[in-house]
Amino acid sequence: MPPITIPRRRRGSASPFFSRVYALVRRIPRGRVASYGAIARALGDPRAARTVGWALRACADDVPWHRVVNAQGMISWRPTGGYQLQRALLRGEGVRFTRGGRIDLERFGWRAL
DNA sequence: TGCGTGACTTGAC
DNA sequence: CGTCAAGCCACGC
């Protein structure tokens with residue numbers, strides 16, 4: 001597997017919402033995943049799922065961004081790439097994928113939200 | 001200030 | 001199961 005790098009643009013926005021997204025994502029345990037929507041709900045804004053994705057786009061290095069997937073347990077596609085890396089990182093933590101590239105959220109979803 | 005865009009979600013078919 | 005459309009929020013031009 002060739003090395004994959006993720007192009008990062010801005011990082012560490014000072015936005016309160018962004019900071020809280022990072023703080024919460026940092027708490028996701030190894031081998032567990034959470035959805036964008038679940039994070040948004042946990043932060044009190046159920047409709048900000050897309051904003052969570054926007055925040056993770058420019059997150060700091062210590063944020064385990066790869067533990068965030070969409071509500072269907074699938075890795076969200078993005079033009080900048082990173083799909084393969086995210087999948088590899090998750091598999092390295094013991095997260096298993098179905099043949100369709102999906103994660104069983106009943107098993108690997110972070111329940112502490 | 002306005003409008004298009006996106007690492008989303010949900011509900012209809 | 002799959003696809004489609006609408007709603008949503010923040011960003012950037």
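Protein chains get the first letters and strands the later ones, always in sequence-line order, with residue 1 at the start of each. Only a predicted model underlies this, so the values are computations on that prediction, with no experimental measurement involved.
With hydrogens and angles ignored, the 3.5 Å screen pairs a side-chain donor or acceptor of A:Gln86 with a backbone N or O of A:Val68. Using modelled atom types, one side-chain atom of A:Tyr22 and one backbone atom of A:Ala55 make a donor-acceptor pair closer than 3.5 Å.
With rounding to whole Å, A:Asn70 atom CG is found 7 Å from B:dC8 atom P. Distance, A:Gln72 CD to C:dT3 P: 10 Å, rounded to whole Å. Counting to the nearest Å, the C1' atom of B:dT9 and the CE atom of A:Met74 are 14 Å from each other. Distance, A:Arg20 CZ to C:dC9 C1': 14 Å, rounded to whole Å. Taking atom CZ on A:Phe18 and atom C1' on B:dA7, their separation rounds to 12 Å, with Å as the unit. Whole-Å rounding puts the A:Leu24 CG to B:dA7 C1' distance at 16 Å. Rounded to an integer number of Å, the gap from CZ of A:Arg50 to C1' of C:dC9 is 9 Å. Atom CG of A:Leu90 and atom P of B:dA7 are 18 Å apart (whole Å).
The side chain of A:Ala71 approaches B:dT10 more closely than any other nucleotide in the set C:dC9, B:dT10, C:dC11. Of the candidates C:dC1, C:dG12, B:dT9, the closest approach to any side-chain atom of A:Arg57 belongs to C:dG12. Considering only side-chain atoms of A:Ala49, the nucleotide from B:dT10, B:dA7, B:dT9 that sits closest is B:dT9. Closest to the side chain of A:Arg102, from the set B:dT9, B:dT10, C:dC1, is C:dC1.
An OP1 or OP2 oxygen of C:dC8 is reached within less than 4.0 angstrom by no side-chain nitrogen or oxygen of A:Thr51.
Note that the OG1 atom of A:Thr51 and the CZ atom of A:Phe18 stand 7.0 Å from one another [nearest 0.5 Å]. Taken to the nearest 0.5 Å, the CH2 atom of A:Trp110 stands 8.0 Å off from the CD1 atom of A:Ile39.
Test A:Arg32, A:Arg30, A:Arg26 against A:Arg67 for side chain to side chain contact (heavy atoms under 4.5 Å, CB included) and you get one pass: A:Arg30.
A heavy-atom distance below 4.5 Å is not found between the side chains of A:Phe108 and A:Leu90.
Map A:Trp54 and A:Gly37 each onto its nearest nucleotide of DNA chain B; the residue landing nearer the 5' end is A:Trp54.
Taking each heavy atom of A:Ala34 and A:Leu113 in turn, the nearest pair found is CB-CD1, 4.1 Å.
Among the heavy atoms of the strands lying under 4.0 Å from A:Arg47 are primed sugar atoms or P, OP1, OP2 only; no base atom is included.
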Under the 3.5 Å Watson-Crick or G-U criterion, the dot-bracket string of DNA chain B, with | for inter-strand pairs = .|||||.||||||

